[in-house]
Amino acid sequence: MRKAVTGWTPAEVTYGDDADAVFSTVFVAPTNGFLRFDGIATLATVVVDGQPVAESSSMWLPLDIAVAAGEHRIDVHCRALADELAIARKPRARWRQKVAYDNNLRWFRTSLLGRAPGFAPGPPIVGLWRPVWFVADEPNFQVRARLVDGVGVVNVTSSLPDGAVVTVGDSRGEFCGGRAVVEVISPRRWWPHTHGDPYLYDVNVDGYGTVRRVGFRSIGASDDILRDGLRPTINDVKLFVRGAVWTPVPDDQLRSTLETARDYGLNAVRLAGTMTYETAHFHDLCDELGMLVWQDLMFANFDYPFSDPEFHHLVEQELDAVVSMIGGRPSTFCVCGNSEVEQQAAMLGLPPFLARAPFFYDEIPSALELADVDALYVPSAPCGADRPMIPSQGVSNWFGVGGYRQPLSTVRAAGVRFASECLAIANIGDDVSNLDIANWKVGVARDVGADWDFDDVRNHYLELLYDVDCDHMRGTDPERWLDLSRHVSGDVMSEVFGEWRRKDSGSHGGFILWLRDLVPGAGWGLMDSAGNPKQAFRALRKVLAPLAVWMTDEGLDGYAVHVANDRPRPFSGKLLVQASIGGRMLYDGETAVEVAAHDVWTGDVETILGQWIDVAFTYHFGPPAHDLVTAQLLDEDSALIGDARRFPMGRGRVS
């Protein structure tokens with residue numbers, strides 16, 4: 001039996017870290033059972049019928065409290081963090097960070113959302129942030145699924161008696177000593193949606209129905225991730241990850257947000273250490289939709305006091321809860337120890353080893369292995385063999401193009417192996433209809449202490465790619481400025497992912513910062529705070545599609561045209577290439593294209609045209625003859641699959 005405990009008062013109140021909060025309700029338990037708190041933020045005392053019965057000091061840990069049948073008054077007292085933050089504690093931090101508003105937050109297991117002035121200024125999460133349940137006579141099932149030598153092996157543990165039957169597809173097993181093992185011979189593989197069908201099997205237990213859905217897939221990577229970079233494979237196929245950093249959304253919008261991400265070509269989301277852990281429902285949806293999950297543990301930037309016994313015990317419990325949630329899920333492809341802890345220390349000039357805590361390098365991998373979590377492991381994002389900011393090692397938070405305003409040509413030169421975060425541009429959505437609305441700047445992120453924000457990043461690329469004066473255009477033609485500003489983010493993102501997705505790039509993808517805005521305005525999100533895709537996402541969709549065509553600038557070699565086919569079957573079709581000026585076609589050509597499953601084809605535009613025309617206008621022998629080059633990908637029935645464009649004279653010269 002499971003029943004929601006509702007009627008909490010106050011129902012909708014925003015609290016800060018400077019005031020206590022009390023949440024109360026009256027509940028009638030139909031029988032003896034437990035109150036299960038899925039999450040309380042952060043320091044709390046639970047009082048039942050006037051008696052304190054439990055303490056909670058981590059918003060990441062569920063809490064069970066036994067209650068007898070009958071009516072009960074329940075009060076949850078959440079203490080303000082401000083007084084606790086003012087207490088000096090040892091060990092002292094070896095470095096200070098600028099992400100959170102108080103360095104002593106490192107002692108408390110709570111989210112940085114609402115406590116990071118640069119991108120999430122408030123309010124923080126306080127109180128009953130996850131549901132409360134009454135639970136009675138509900139067995140707990142732990143399910144693990146793994147592909148072993150081509151056989152799907154499902155392990156189910158529970159308190160059920162010997163002889164209880166578990167079925168997976170046409171296979172069955174019986175409980176013996178609290179455990180049942182079911183083997184599925186030659187199972188259908190689970191794939192991310194870009195590469196195939198995310199096929200799932202129901203795990204049925206007699207008398208309880210479907211207790212979990214599982215998928216079978218293999219996951220692999222380079223032998224030494226810190227040295228060679230993260231090069232993931234799935235089912236022995238190279239995996240190009242195109243993802244975004246996840247931000248929490250209302251429960252009733254989980255499916256629609258993930259479906260939009262899927263439909264626009266993303267195949268992964270990253271749960272970053274600055275955010276929150278997600279629910280079983282979230283992970284179920286990712287399994288179902290074929291969306292890969294990179295799971296950070298909720299550690300970010302701080303020098304955490306792992307040597308403190310009480311703190312260490314608390315995070316050990318947290319680790320147990322996390323592996324219980326994500327274990328056995330085909331969508332979980334990578335677990336990461338933290339967000340930017342190693343980078344934070346390195347950027348302050350400290351030796352890298354100071355940030356490489358045994359908790360991240362030894363304890364988490366051991367816990368994952370013990371719990372049979374079949375996923376890759378990265379100790380920190382970013383991290384590398386020598387130091388965390390080298391893009392050709394490990395994983396990198398690479399903002400060369402984007403946040404650091406470097407030219408597009410640096411994408412190839414940087415040699416990024418895998419980007420745990422990238423780009424970071426203030427993307428304007430359709431919800432920003434004019435320059436005078438009150439929320440224009442609300443969603444724009446800013447690095448603490450910087451004299452620029454991410455609007456400035458976008459304006460930089462607008463001037464670079466469209467050859468305009470932003471200040472002048474914004475004053476004289478604000479509608480044109482707004483239109484180009486919406487488009488330029490997608491232009492930049494498409495260039496970056498087009499470079500990375502090339503067959504010879506050496507990159508295996510990355511996560512855009514981030515998927516969906518927290519508040520209205522021009523935030524980092526590919527989607528606005530209501531869940532609507534922005535123009536940047538609509539543009540990026542072309543390059544991210546499972547079957548995609550795009551072009552890259554090869555300098556004196558002209559333009560290369562690429563066709564990627566992530567799908568599980570070969571593609572046969574043709575490419576049409578044209579060069580034009582002012583809408584008048586000057587040159588055209590056509591070629592047949594055959595692309596194997598999970599492969600990328602590359603061709604030369606001038607070879608397809610049948611002549612050299614200085615297609616990228618790099619030789620500059622006289623004035624350019626054309627201002628637009630297009631490539632269209634058609635299938636065998638001449639239906640348009642996708643198209644791509646290049647601008648030899650610059651985007652600003654083509655209307």
Side-chain angles (χ1 to χ4, degrees), residues 1-84 108-115 122-141 248-255 275-284 298 314 317-318 320-322 324-325 518:
M1 174 192 297
R2 174 176 286 239
K3 181 179 179 181
V5 179
T6 58
W8 296 93
T9 58
E12 297 290 342
V13 174
T14 298
Y15 290 90
D17 285 335
D18 57 350
D20 292 350
V22 180
F23 304 86
S24 304
T25 193
V26 174
F27 175 74
V28 178
T31 184
N32 295 342
F34 292 88
L35 292 175
R36 177 162 296 161
F37 294 81
D38 281 352
I40 308 174
T42 295
L43 301 178
T45 302
V46 179
V47 178
V48 177
D49 300 329
Q51 297 297 316
V53 294
E55 296 283 334
S56 178
S57 55
S58 171
M59 70 179 284
W60 311 128
L61 293 180
L63 182 66
D64 284 351
I65 298 171
V67 292
E71 182 176 283
H72 302 280
R73 177 183 173 86
I74 309 165
D75 301 291
V76 180
H77 296 257
C78 296
R79 303 192 302 278
L81 282 181
D83 291 342
E84 298 288 339
F108 300 97
R109 299 309 300 140
T110 195
S111 177
L112 294 189
L113 281 176
R115 300 179 173 99
I125 301 172
V126 174
L128 303 175
W129 76 289
R130 286 270 164 84
V132 183
W133 308 92
F134 173 76
V135 180
D137 299 323
E138 182 180 88
N140 179 50
F141 296 99
V249 303
D251 288 345
D252 61 355
Q253 297 177 30
L254 278 175
R255 176 177 286 276
M275 301 291 171
T276 65
Y277 295 111
E278 278 296 337
T279 61
H281 180 50
F282 168 88
H283 292 283
D284 288 343
M298 294 300 127
L314 197 63
Q317 293 177 289
E318 177 183 329
D320 289 342
V322 174
S324 178
M325 173 69 71
L518 294 168

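Throughout, numbering of the chain's residues begins at 1 and tracks the sequence. Please read these numbers as outputs of a predicted model, since none were measured by experiment.
V135 has its side chain out of reach of K3: every pair of non-hydrogen atoms, C-beta onward, lies at least 4.5 Å apart. At a threshold of 4.5 Å between non-hydrogen side-chain atoms, the residues T276 and L113 count as touching. Looking only at side-chain heavy atoms (C-beta outward), I40 and V46 come within less than 4.5 Å of each other. D75 places a side-chain heavy atom less than 4.5 Å from the side chain of H77. V322 is not listed as a side-chain neighbour of S324, based on a closest heavy-atom distance of 4.5 Å or more. Here the side chains of L61 and L314 are in contact, with some heavy-atom distance below 4.5 Å. Within the 4.5 Å cutoff, no side-chain heavy atoms of V132 are placed close to those of R36. Put simply, the side chain of V47 does not reach to within 4.5 Å of the side chain of I74, judged on heavy atoms.
In summary, the aromatic rings of F134 and F27 are positioned with their centroids under 6.0 Å apart. The distance between the ring centers of W60 and Y277 falls below 6.0 angstrom.
More than 12 non-hydrogen atoms from other residues, nucleotides or ligands lie less than 6.0 angstrom from CG of D252. Other residues, nucleotides and ligands contribute over 12 non-hydrogen atoms within 6.0 Å of the OH atom of Y15.
Between H72 and A29, the closest heavy-atom pair is CD2-CB, 4.3 Å. Across all their heavy atoms, G7 and T25 have their closest contact at O-OG1, 3.3 Å. Residues L128 and W8 approach most closely at CD1-CD2, 3.4 Å, considering heavy atoms.
Between D49 and R73 no salt bridge is recorded (no basic side-chain N to carboxylate O distance below 4.0 Å).
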For T110 and I125, what are the C-alpha separation, side-chain angles and deciding distance, and is it a side chain to side chain contact (heavy atoms under 4.5 Å, CB included)?
CA-CA 8 Å; T110 195; I125 301 172; 5.9 Å; no
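In terms of modelled atom types and a separation under 3.5 Å, the side chain of S111 and the main chain of M275 share a donor-acceptor contact. A distance-only check finds a donor-acceptor pair linking the side chain of R109 to the backbone of M298 [under 3.5 Å]. In this structure, the side chain of W133 does not engage the main chain of F37 through any donor-acceptor pair within 3.5 Å. Although no hydrogens or angles enter the test, the distance criterion places no donor-acceptor pair under 3.5 Å between the side chain of T45 and the main chain of E55. Although no hydrogens or angles enter the test, the distance criterion places no donor-acceptor pair under 3.5 Å between the side chain of N32 and the main chain of A68.
Partner L35 forms a side-chain contact (heavy atoms from CB on, under 4.5 Å) with one of V5, V53, D64 and no other, that one being V5.
The closest side-chain donor-acceptor pair between R79 and T42, if any, does not fall under 3.5 angstrom.
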